[in-house]
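The structure appears below as structure tokens.
Reckoned from all heavy atoms, side chains included, excluding hydrogens, waters and symmetry mates.
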Amino acid sequence: MIFGLVHPLLDITAIVDQEYLDRYGLKENDGILAQEKHKEIYAELLNGCRYKVKKIPGGATQNALRIAQWYLKKKHATTIVGCIGGDKVGEDMREQLEREGCRTEYMVDPEATTGLCAVLISSGSNSRSLVTRLDAANLYKHSHLVSDSVWRCLEESSFFYMSGFMLNFSSDTMVVIGEHAVEKNKCFMLNLSAPYLSSLFKKVLPYCDIIVGNSDEAATLAKNFEFNTTELHDMIRMLADMPKVNEKRKRIVLITQQEDPVLVYSEGKTTEYPVLPISPEDIVDTNGAGDGFVGGFLASYALNKPLEDCVRNGIVAAHMIIQVCGCTLPIRD
């Protein structure tokens, strides 16, 4: 049902103190690409340190598809495409996703190492700092997409989801997927992913039937596209009204606001959906909350549920994910 072009990463999650963050110059509620000074973090977390470490498949799009797969239950309801290294980390990740029911169509680069993300949870506030080493995740090649087995999966899929992070390295591949979606009248969904990516969206936005992001990402995109407004409702409407190739589908825009209501623009109006209340002591890890929302939404949308039901399922999924470490899926009975 759902095809995703992803950055496959292994999340290495640890609850750390402020001294550890300060040692590497890291901030709470931040996400950066690893620099030379951060290399030791991965060695420490993988090879034993004073913190308890949990290893979980990660990457924003991969998280969302794993959650959608968990809801859909049917084996291979999701297809995950991206690049991993020829190492045990990548092979272990593939095996776990297959056990969860996902179809993995990874490209393997034998000379590269699988991407890693250090997810450092502050012991004082439960805020997270992400330090990502993309490695093989950056090396995906268009030739893999058009290989017989992967293209067959694409043709069999009705929904396509990917994040803005892929625009740095695979924008042409995303356009090819978008063109296929338009030709076959399939749904193409894009996550804004991070404010710094907003200048890269011009090439792929015309193919987007559904756009999802948070309020900060929407504000930065509105500034780069010269919407000339600071009112979020106006930004959403203007984003929805931008040029679109497939006129058979009206664009939907979904904007999350942490504890504030989710804003959904569809059919010329914006609707607010309140999130579920939660006590601060029940929040384990906010990392992956947005991915949880997307996964829950996508699963319902793929089943042709009413839009309201899709949004509410996304809210439930996000509520579930923030109460566990990383994107940890509940074990089914």
Between [atom1] on residue [X] and [atom2] on residue [Y], distance to nearest 0.5 Å:
X: I315; Y: T256; atom1: CD1; atom2: OG1; result: 10.0 Å
X: T220; Y: L192; atom1: OG1; atom2: CG; result: 9.5 Å
X: I67; Y: N313; atom1: CD1; atom2: CG; result: 10.5 Å
X: M174; Y: L190; atom1: CE; atom2: CG; result: 5.0 Å
X: E98; Y: R103; atom1: CD; atom2: CZ; result: 8.5 Å
X: I236; Y: S266; atom1: CD1; atom2: OG; result: 12.0 Å

Heavy atoms of other groups near N304 CG, more than 12 under 6.0 Å = no
May I ask you to check whether over 12 heavy atoms, not counting those of E226, lie within 6.0 Å of atom CD?
->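 For E226, atom CD is not crowded (no more than 12 foreign heavy atoms under 6.0 Å).
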Check [X] against [Y] and note the closest heavy-atom contact, atom names and distance.
X: G164; Y: S193; answer: N-OG, 2.8 Å
X: S171; Y: L167; answer: CB-O, 3.7 Å
X: M235; Y: A219; answer: SD-CA, 3.7 Å
X: S300; Y: D309; answer: OG-O, 4.3 Å
X: N246; Y: A181; answer: ND2-O, 4.5 Å
X: L9; Y: M93; answer: O-SD, 3.1 Å

Just do the side chain to side chain contact (heavy atoms under 4.5 Å, CB included) check on E272 and Q257 with the steps written out, would you?
-> CA-CA 11 Å; E272 297 188 3; Q257 306 182 88; over 6 Å; no
Quick one: sort the [X] and [Y] rings into parallel, tilted or perpendicular, breaks at 30° and 60°.
X: H38; Y: Y24; answer: tilted
X: Y140; Y: H144; answer: perpendicular
X: H7; Y: F169; answer: perpendicular

Does a donor on one side chain sit under 3.5 Å from an acceptor on the other, for D135 and T113?
-> yes
In terms of side-chain heavy atoms, does N191 have a donor or acceptor partner in Y161 at a distance below 3.5 Å?
-> yes
Can a cation-pi geometry be assigned to R94 and Y106, taking NZ or CZ under 6.0 Å from the six-membered ring centre and within 45° of the ring axis?
->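 Judged by the rule (NZ or CZ under 6.0 Å from the ring centre, within 45° of its axis), R94 is not positioned above Y106.
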Has K250 got its NZ or CZ under 6.0 Å from the middle of the six-membered ring of Y265, at an angle within 45 degrees of the ring axis?
-> no
Considering only heavy atoms from C-beta outward, does the side chain of [X] approach that of [Y] to under 4.5 Å?
X: F160; Y: H180; value: yes
X: I80; Y: Q69; value: no
X: L72; Y: I2; value: yes
X: M242; Y: L239; value: yes
X: H142; Y: D172; value: no
X: V176; Y: W151; value: yes
X: L46; Y: V53; value: no
X: M189; Y: Y301; value: no

Go through the steps to decide whether E36 and K39 satisfy the test salt bridge (charged side-chain N to carboxylate O under 4.0 Å, His left out), and finish with yes or no.
-> CA-CA 6 Å; E36 186 67 26; K39 279 187 175 181; 3.4 Å; yes
D87 and T114: side-chain hydrogen bond (donor to acceptor under 3.5 Å, both in side chains), yes or no, with the steps?
-> CA-CA 7 Å; D87 52 20; T114 299; 2.7 Å; yes
Between [X] and [Y] (salt bridge meaning N to carboxylate O under 4.0 Å), is one present in this structure?
X: R23; Y: E40; result: no
X: K54; Y: D11; result: no
X: R237; Y: D234; result: yes
X: D209; Y: K244; result: yes

Taking [X] for the side chain and [Y] for the main chain, is one N or O donor matched with an acceptor at less than 3.5 Å?
X: K184; Y: S158; answer: no
X: Q323; Y: H319; answer: yes
X: R249; Y: F188; answer: no
X: E259; Y: V275; answer: no
X: E231; Y: H233; answer: yes
X: R133; Y: Y42; answer: no
X: E156; Y: C153; answer: no
X: Q62; Y: G58; answer: yes
X: K203; Y: V175; answer: no
X: S123; Y: V16; answer: yes

Do Y71 and V316 pass the side chain to side chain contact (heavy atoms under 4.5 Å, CB included) test, and can you show the C-alpha distance, the side-chain angles, and the key distance before you say yes or no?
-> CA-CA 11 Å; Y71 273 107; V316 169; 4.1 Å; yes
Are [X] and [Y] in one and the same hydrophobic cluster, where Ile, Leu, Val, Met, Phe, Trp and Tyr link if side-chain heavy atoms are under 4.5 Å apart?
X: L134; Y: I12; result: no
X: I283; Y: L120; result: no
X: V324; Y: L10; result: no
X: I32; Y: L116; result: yes
X: I15; Y: L45; result: no

Should I211 and F201 be marked as a side chain to side chain contact (heavy atoms under 4.5 Å, CB included) after you check the CA-CA gap, both sets of side-chain angles, and the distance that decides it?
-> CA-CA 11 Å; I211 298 171; F201 284 106; over 6 Å; no
Could you go through the side chain to side chain contact (heavy atoms under 4.5 Å, CB included) check for F3 and K186 one step at a time?
-> CA-CA 11 Å; F3 182 103; K186 298 177 179 180; over 6 Å; no
Pair D17-Y51, side-chain hydrogen bond (donor to acceptor under 3.5 Å, both in side chains): steps then yes or no = CA-CA 9 Å; D17 52 32; Y51 301 111; 3.0 Å; yes
Which of these, I255, I252, T270, V253, sits in a side-chain contact (heavy atoms from CB on, under 4.5 Å) with V264?
->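 Of the listed residues I255, I252, T270, V253, the side-chain contact (heavy atoms from CB on, under 4.5 Å) partner of V264 is I252.
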